[in-house]
Structure formats: C-alpha cells, structure tokens
Amino acid sequence: MQSEPKIPKKIWQARQRIRPFIQKSPLIPSTILSNLTNKKVYFKLETANAIGAFKLRGAANKILSLSKEEQSKGVTTFSTGNHGLAVSYVAKVLGLKAVVCVSNRVPQEKIDALAQFGAELEITGDRQDDAGERCRELKRQYGMTIVPPFDDQEVIAGQGTIGLELLDDLPQVDHCVIPLSGGGLLAGIGAALKSADPDVRISGVSIKGASAMSESLKKGYPVDVAETDTNADSLLGGIGAHNQYTLKMVREVMDDLHLLTEPEIRRGMSHMVFKEQVMAEGAAAVGAAALLEEKLEQPGESIVLIVSGKNGDISTLREEHDQPLEDKKGACL
C-alpha cells in the first residue's frame, strides 16, 4: 500500500473537520454471504450515524467549510430524503436556517423524518431537478448557500472519509461495492481507496432503466432519465446538466457498473432485513442484491458492501419474506 499523502488532501481535511458529527461506522462480517460466496464479505454500516445514512458526512463537511457570513444567510438543498435529513441535522446543531426542497416522489416517512429537525420544507415538482431549481431561486433571492447532494468537492470529500475508515479497519480490502446515483459516494470512496491502492476494484450498483449516471457515462455528458417508482428511491435523480465533478470522477475510479431490476432490489432488501437482521433501505441493499444475483466481476477475496442508509419503507417486504430465499442452486440461505 502506498503512503498516506497519495490520498486526496481534501478527504483528509474532511476527516478532521467532521469529527464532531461523525463516529466511525461499524464494519461487520456477513457470515451468510461469506459462506455463500466463499469470500470474505463485510458490511460497512453507514446506517449507524445520527441520521441513519452516509449523507451526514458530505453535508457536515460542506456546511462547516462555509464562512460565518455564509452560514448566517442559511443553507438550502434538494434531496430525495437522506441528504435533506443530513443538512437539516447539521443546520439544527449549528443553529442555522435550512430550507429543504424535495419532489413529490419522496416517501412520506422521509418527509416526516425531515420535520423533526426543524428545517423548512418545500415540495415541488415530480423530479429532483425541479427541487434543485427551487434551491437556485432561494440562493438568488436570499443569498442562501446550496448544499448539493453530490456534485461538490467538499461533499465528495466528506463521503470519501468512508474510504479512509475502510483503510484503517480492512487494509486488505480488494473490492468495494457502492450504491450509485449522482456519484458523490462512489467518487469519494473510490478516490480514497484507489489513491492508496490502484488495484482495489470499485463496483457501482444502480437501477435498471432509471440510472442517469449510467446513461451519462455512455454518452460522455449529463443525460436526463425519466424517474420511476422503485424500492431504491434514493438512487433516483439526474446528475445535473452542468455536472462538474462526479461524472468525471466516477468514470475514472469505477471499474464496473451493475443495474438491477426491482425484483432483484427487493431480494437484496429482504436478505438484509430478514437474513442479516440489518435494517437497509432499497438503495443500501443493492450491494447484497448484486452479490446474490452473481453479478460481480472478479469479486476478489475481501468484499465490502456499502450499506448506505436505513430510512426506507420495508413494510412491503413482509409478504416476500414468507417465501424462502434461495441461491442460484436452490439451496435455502
């Protein structure tokens, strides 16, 4: 492994800056998936932090990087839920005004969760991009700082601190499987891990037919993709027409991308909740789904699945849980 200075400086700075808000998230082995695959499989439980999702890292780093004058004018963001929770939480702790803009597709349980942190909530349009436009209006009108969900250097660096923790706890990691939407999580973790060891494999996982990042990578520029109803709603949304960072970074650090159907995502959720006893929303379960569906290429010996959040609705899984979960050979897990 190469020396620490090779890892992007901003990620190291973020680690120091967000210490008051973040405790190292647990890295736990999955005996079930390890036995099934004959590999060493681990879960990185970002579900354990104060808002139950990784987004707290990027939001905290961005807001704490602002000047006092910028903080005094308040912050705003557009979010499918978890990023809004993160911005609301940090703003409440720091005593700042926060306005969270969301689309009509955000689940009610996430709307209810946002309310507990005291942020003003504005619901607009049917897409995350509509909520983003409302944020830009607030910036023009009141001078509020937009805290982007992903396409921002400080946000990316905050998410990258997960990679530093993995290097602390599992320096032999050779494959990391990461949920992919706007790309901030994958770009940050990928930059940290690849800078330490270029041979670490980075796999992204997203929704078949609804991945803006996947289509944008094919075209080489940001592409708008229609959103759909999905169990992995946190993976919806565009990457921004004027994407500056994540498209380029994801292209550079990601080795392969796997797109899952809704039945596959549901199977991953069911496995996490009922077999692993780990609360995971749909977007957080896609790594397990990819592994169960045998989609990963060159899986390596030590595989880390990033379990990104737990703030989703699992009530629809109960009927599915009544059916035995089987592997490809038909043997009950």
Side-chain angles (χ1 to χ4, degrees), residues 1-30 33-34 37 39-49 53-62 64-65 150 152-180 183-205 245-246 249-256 278 284 286-288 290-291 296-309:
M1 183 174 294
Q2 299 176 19
S3 60
E4 288 184 354
K6 293 288 186 180
I7 294 177
K9 184 177 180 180
K10 278 187 174 291
I11 300 178
W12 285 98
Q13 292 172 331
R15 186 181 208 179
Q16 297 302 315
R17 187 180 286 140
I18 68 177
R19 283 189 188 278
F21 289 87
I22 298 293
Q23 292 182 332
K24 180 183 287 188
S25 61
L27 181 70
I28 65 171
S30 167
L33 291 179
S34 295
T37 60
K39 307 292 184 181
K40 295 177 180 178
V41 181
Y42 301 84
F43 297 136
K44 180 64 169 168
L45 298 181
E46 285 299 298
T47 55
N49 70 44
F54 77 95
K55 290 285 190 178
L56 185 56
R57 296 171 183 267
N61 193 47
K62 176 64 174 180
L64 290 169
S65 73
F150 50 87
D152 178 274
Q153 290 190 59
E154 303 302 340
V155 171
I156 293 168
Q159 321 306 22
T161 60
I162 297 170
L164 299 186
E165 292 180 8
L166 289 177
L167 293 172
D168 286 342
D169 294 341
L170 190 70
Q172 71 271 28
V173 57
D174 52 24
H175 197 156
C176 190
V177 185
I178 308 170
L180 178 65
L185 180 63
L186 190 146
I189 295 176
L193 294 181
K194 290 280 192 179
S195 293
D197 182 358
D199 293 329
V200 172
R201 192 168 189 85
I202 302 295
S203 293
V205 190
Y245 306 109
T246 59
M249 291 183 69
V250 168
R251 182 186 295 113
E252 289 175 349
V253 303
M254 186 172 70
D255 294 292
D256 49 71
V278 172
V286 294
L291 200 58
L296 298 184
E297 302 169 15
Q298 303 175 31
E301 293 302 318
S302 296
I303 308 169
V304 173
L305 310 182
I306 303 297
V307 184
S308 54

| field | Ser203 to His175 - nearest heavy-atom pair and separation | value | OG-NE2, 2.6 Å
| said: Can a side-chain donor-acceptor contact be found between Ser308 and Glu46 if the only test is distance below 3.5 angstrom? | reply: no
| Checking Ser34 side chain against Lys40 main chain: does a donor-acceptor pair fall under 3.5 Å? | no
| So with a 6.0 Å cut-off around CD of Gln23, is the heavy-atom count from everything else above 12? | no
| query | Would Glu252 and Lys194 count as a side-chain contact (heavy atoms from CB on, under 4.5 Å) if you check the C-alpha gap in whole Å, the side-chain angles of each, and the deciding distance to 0.1 Å? | reply | CA-CA 10 Å; Glu252 289 175 349; Lys194 290 280 192 179; over 6 Å; no
| request: Provide the closest heavy-atom pair for Ala192 versus Gly163 in the form atom of the first, atom of the second, distance. | output: CB-CA, 4.0 Å
| query | What distance separates Leu56 CG from Ile22 CD1, expressed to the nearest 0.5 Å? | reply | 4.0 Å
| Separation between CG of Leu186 and CG of Leu193, rounded to the nearest 0.5 Å | 9.5 Å
| task | Might you point out which heavy atoms bring Tyr245 and Ile156 nearest each other, and give the distance in Å? | result | CB-CD1, 3.7 Å
| What is the distance from atom CG of Asn61 to atom CZ of Arg17, rounded to the nearest 0.5 Å? | 4.5 Å
| query | In terms of side-chain heavy atoms, does Asp174 have a donor or acceptor partner in Ser302 at a distance below 3.5 Å? | reply | no
| said: I'd like to check Leu291 versus Val177 (side-chain heavy atoms, cut-off strictly below 4.5 Å). Are they in contact? | reply: no
| remark: Test salt bridge (Lys or Arg N to Asp or Glu O under 4.0 Å), reference Glu154, set Lys10, Lys62, Arg57, output is Lys10
| message | So which atom in Ile162 and which in Phe54 form the shortest heavy-atom distance, rounded to 0.1 Å? | response | CD1-CB, 4.0 Å
| remark: Note: Val205 and Ala290 closest approach over all heavy atoms is CG2-CB, 4.2 Å
| said: Within this structure, what is the CG-OG1 distance for the pair Asp168 and Thr161, rounded to the nearest 0.5 Å? | reply: 10.5 Å
| task | Using a 4.5 Å cut-off on heavy atoms from C-beta on, say whether the side chain of Pro179 contacts that of Ile306. | result | yes
| said: Can you confirm whether Asp256 sits close enough to Gln298 that some side-chain heavy atom of one is under 4.5 Å from a side-chain heavy atom of the other? | reply: no
| field | Atom pair CD1 (Ile303) and CG (Leu305), whose distance is rounded to the nearest 0.5 Å | value | 7.0 Å
| Spacing of CG belonging to Leu170 relative to CG belonging to Leu27, to within rounding of 0.5 Å | 6.0 Å
| task | Could you go through the side-chain contact (heavy atoms from CB on, under 4.5 Å) check for Leu296 and Arg201 one step at a time? | result | CA-CA 10 Å; Leu296 298 184; Arg201 192 168 189 85; over 6 Å; no
| Looking only at heavy atoms, which two atoms of Leu166 and Cys176 are closest? And how far apart? | CD1-SG, 4.0 Å
| field | Result of checking Leu33, Val307, Val304 against Tyr42 for side chain to side chain contact (heavy atoms under 4.5 Å, CB included) | value | Val304
| request: Report the C-alpha distance between Glu301 and Gln172 in whole Å, list the side-chain angles of each, state the deciding distance to 0.1 Å, and finish with yes or no for side-chain contact (heavy atoms from CB on, under 4.5 Å). | output: CA-CA 9 Å; Glu301 293 302 318; Gln172 71 271 28; over 6 Å; no
| task | Return yes if some donor-acceptor pair links the side-chain N/O of Asp255 with the main-chain N/O of Ile202 below 3.5 Å, else return no. | result | yes
